[in-house]
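Below you'll find the structure, written out as structure tokens, and then a few comments.
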Amino acid sequence: MLATKKESLSPKGIITLASAYYHERKFLDAIRLLVSLTEEKESESAAWFLLARSYREANNIEKAMEAYRKTIELRPKQIRAFDELLALY
């Protein structure tokens, strides 16, 4: 499985793999990859945004809100993150 080869992927590759999981509705697999990536590279705003969306789809609203806030902290002009965060209230 590709997920076991995470160590050999770049951050962009990990985000691409997590996005594929997200689109396959494998939210927990996406979350696992993205949590690991954001722990290693806290400044990856794209990873935080996809993590927020994955948490939202997995019905973990509190974690989704935290990840949206981090996305906004890193990219204050990311309007979509603001919109999706507000939709959770």
Side-chain angles (χ1 to χ4, degrees):
M1 179 191 285
L2 287 175
T4 61
K5 296 183 179 183
K6 178 191 106 35
E7 296 79 23
S8 65
L9 294 174
S10 67
K12 184 177 179 179
I14 294 169
I15 293 168
T16 300
L17 178 56
S19 181
Y21 283 141
Y22 176 86
H23 290 290
E24 291 175 5
R25 303 191 59 76
K26 295 180 180 179
F27 304 118
L28 297 180
D29 290 329
I31 289 167
R32 277 191 217 62
L33 284 175
L34 294 164
V35 165
S36 177
L37 176 57
T38 56
E39 286 173 350
E40 293 174 24
K41 292 201 168 258
E42 191 175 336
S43 63
E44 285 289 337
S45 63
W48 283 104
F49 184 63
L50 185 54
L51 180 59
R53 298 179 108 199
S54 298
Y55 275 133
R56 182 193 66 207
E57 293 298 328
N59 292 315
N60 190 334
I61 302 306
E62 184 177 317
K63 290 282 192 180
M65 292 173 89
E66 290 174 20
Y68 279 124
R69 287 186 193 109
K70 185 65 178 182
T71 302
I72 292 164
E73 175 186 321
L74 293 170
R75 292 195 63 210
K77 294 182 180 181
Q78 171 109 342
I79 302 302
R80 184 178 253 177
F82 279 102
D83 289 343
E84 291 184 20
L85 175 60
L86 286 173
L88 295 178
Y89 282 96

Report task. For Glu39, check salt bridge (charged side-chain N to carboxylate O under 4.0 Å, His left out) against everything at least two apart and list the hits. Result -> none
Report summary line: Residues passing the salt bridge (charged side-chain N to carboxylate O under 4.0 Å, His left out) test with Lys12, sequence neighbours excluded, are none
Query raised in the report: How about Tyr21 and Phe27: are their ring centres within less than 6.0 Å of each other?
Result: no
Query raised in the report: NZ of Lys41 to CD1 of Ile15: how many Å apart, nearest 0.5 Å?
Result: 10.0 Å
Report task. Among residues two or more places apart or on two chains, list those pairs meeting side chain to side chain donor-acceptor pair (under 3.5 Å) that have a residue in residues 42-51. Result -> Glu42-Lys70
Query raised in the report: How far apart are the closest heavy atoms of Tyr22 and Arg56, and which atoms are they?
Result: OH-NH2, 3.4 Å
**Report entry** Closest contact, heavy atoms only, Leu85 versus Arg69
**Finding:** CD2-CG, 4.1 Å
Requested in this report: Please confirm whether the backbone N or O of Ala67 pairs with a side-chain atom of Thr71, one donor and one acceptor, at under 3.5 Å?
Outcome: yes
Would you be so kind as to tabulate the donor-acceptor pairs closer than 3.5 Å made by side chains of residues 74-83, with sequence neighbours excluded?
residue, atom, partner, partner atom, Å
Arg75, NH1, Gln78, OE1, 3.1

Report summary line: Sequence neighbours excluded, the answer for side chain to side chain contact (heavy atoms under 4.5 Å, CB included) partners of Ile31 is Leu28, Val35, Leu51, Ser54, Tyr55, Ala58
Query raised in the report: side chain to side chain contact (heavy atoms under 4.5 Å, CB included) with Ala18: which residues, sequence neighbours excluded?
Result: Ala30, Leu33, Leu34, Leu50
Query - Residues, nucleotides or ligands: over 12 heavy atoms within 6.0 Å of Glu62 CD - result: no
Requested in this report: Check whether any side-chain heavy atom of Leu88 sits under 4.5 Å from a side-chain heavy atom of Tyr68, and report yes or no.
Outcome: yes
